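Here is the structure we will look at.
Please read all numbers here as calculations on a predicted model, not as lab measurements.
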Amino acid sequence: MQLTVNGQRREVAHPDEMLVWVLRDELGLTGTHYGCGIGACGSCTVLVGGQVTRACLTPASAAAGREVTTVEGLARGERLHPVQQAFLENPLQCGWCLPGHLMSAAALLDRTPDPTPAQIEEAAGINLCRCGGYNAIRRAVARAAELKRGGL
């Protein structure tokens, strides 16, 4: 089976495996983290067809025919995505949850370029941060929105 991941067609040998393991073990895209394994923490969040998706609960075969975007696919060459730049400016303590927050923020800003604080709170709230970095996360998402509106 083939998947389109970060704009590239990739051959997948184990389409019945969960997407997180196919991305990490087969395709070497280790930016997607495995956390709880039950979809509660969000560290495995990727975008499938532009939708926030828990890769620990999604068989790779379910992503066939749709674009899969991982944290590695956000940047365009050397140019960081606005959410990457904003989280560099507002770092988290350990960063285990970071890929999930980046992907959720990117999805939010794709559908809502000028989110309200409540929309940011709702989007960030689907991912857990065991270090309690929610203030930094909210600031980063708001900053990412500014950067994206400014053309970064």
Side-chain angles (χ1 to χ4, degrees), residues 2-10 18-36 39-58 60 62-152:
Q2 289 190 335
L3 287 179
T4 302
V5 181
N6 300 331
Q8 296 182 337
R9 304 259 317 155
R10 306 286 300 266
M18 292 300 159
L19 185 57
V20 65
W21 300 124
V22 168
L23 293 170
R24 291 182 59 83
D25 297 343
E26 282 192 52
L27 304 180
L29 297 169
T30 58
T32 302
H33 290 171
Y34 178 79
C36 66
C41 75
S43 63
C44 67
T45 300
V46 297
L47 304 181
V48 176
Q51 300 298 309
V52 170
T53 302
R54 300 295 202 226
C56 73
L57 299 177
T58 305
R66 298 187 291 165
E67 173 71 26
V68 177
T69 305
T70 69
V71 70
E72 291 93 341
L74 289 179
R76 296 289 173 248
E78 297 296 317
R79 186 174 174 198
L80 294 178
H81 187 282
V83 297
Q84 293 171 313
Q85 180 61 44
F87 275 86
L88 281 174
E89 295 173 13
N90 296 277
L92 301 178
Q93 186 172 342
C94 84
W96 188 257
C97 63
L98 187 57
H101 282 289
L102 289 169
M103 300 313 293
S104 295
L108 170 66
L109 298 181
D110 282 347
R111 66 179 186 272
T112 310
D114 192 13
T116 65
Q119 290 170 316
I120 291 171
E121 182 79 26
E122 181 180 347
I126 67 169
N127 297 327
L128 300 179
C129 173
R130 61 185 172 193
C131 301
Y134 294 106
N135 288 335
I137 292 165
R138 287 188 288 269
R139 283 192 306 271
V141 176
R143 175 69 175 139
E146 290 175 12
L147 292 170
K148 190 167 183 178
R149 287 190 306 269
L152 177 65

More than 12 heavy atoms of other residues, nucleotides or ligands under 6.0 Å from CZ of Arg130: yes or no? no
Query raised in the report: Can you find a heavy atom in the side chain of Asn6 that is under 4.5 Å from one in the side chain of Thr69?
Result: yes
**Prompt:** Is the shortest heavy-atom distance from the side chain of Leu47 to the side chain of Val68 under 4.5 Å?
**Reply:** no
Nearest heavy-atom approach of Tyr34 to Trp21 is CD1-CZ2, 3.4 Å
State whether the side chain of Tyr134 and the backbone N or O of Cys129 hold a donor-acceptor pair below 3.5 Å, judged by distance alone.
yes
Rounding to 0.5 Å, atoms CG (Leu147) and CD (Gln85) come to a distance of 6.5 Å
Fill in: pair Cys97-Asn127: side-chain heavy atoms closer than 4.5 Å
no
4.5 Å side-chain heavy-atom contact, Met103 and Val71: yes
Given the rule in the side-chain contact (heavy atoms from CB on, under 4.5 Å) test, do His81 and Arg76 qualify, once you have shown the distances and angles that lead to the verdict? CA-CA 7 Å; His81 187 282; Arg76 296 289 173 248; over 6 Å; no
On a heavy-atom basis, the closest approach of Arg10 and Leu27 is NH2-O, 3.3 Å
Distance col, row Leu92:CG vs Leu98:CG, nearest 0.5 angstrom, shows 5.5 Å
| query | So, the side chain of Arg138 versus the backbone of Pro117: is there a donor-acceptor pair under 3.5 Å, distance only? | reply | no
* For residues Gln51 and Thr53, is any side-chain donor paired with an opposing acceptor at under 3.5 Å? -> no
Does Glu26 reach the side chain of Leu23, with side-chain heavy atoms less than 4.5 Å apart? no
- Could you tell me whether the side chain of Leu19 reaches within less than 4.5 Å of the side chain of Val48, counting heavy atoms only? yes
Can you confirm whether Val83 sits close enough to Lys148 that some side-chain heavy atom of one is under 4.5 Å from a side-chain heavy atom of the other?
no
Is the count of non-hydrogen atoms from other residues, nucleotides or ligands lying under 6.0 Å from Gln93 atom CD greater than 12? no
Residues Pro99 and Ser43: closest non-hydrogen pair is CB-O, 4.2 Å
Of all heavy-atom pairs linking Gln119 and Thr112, the shortest is OE1-CG2, 3.6 Å
Q) Does Glu72 reach the main-chain N or O of Thr30 with its side chain, forming a donor-acceptor pair under 3.5 Å? A) yes
Tightest non-hydrogen contact, residues Ala55 and Met18, listed as O-CB, 3.8 Å
query: Checking Glu67 side chain against Gly7 main chain: does a donor-acceptor pair fall under 3.5 Å?
result: yes
Here the pair of heavy atoms bringing Arg143 nearest to Asn90 is CB-ND2, 4.3 Å
Would you check if there is a donor-acceptor pair between the side chains of Thr45 and Arg54 at a distance under 3.5 Å?
yes
- Over 12 foreign heavy atoms within 6.0 Å of CD, Glu122: no
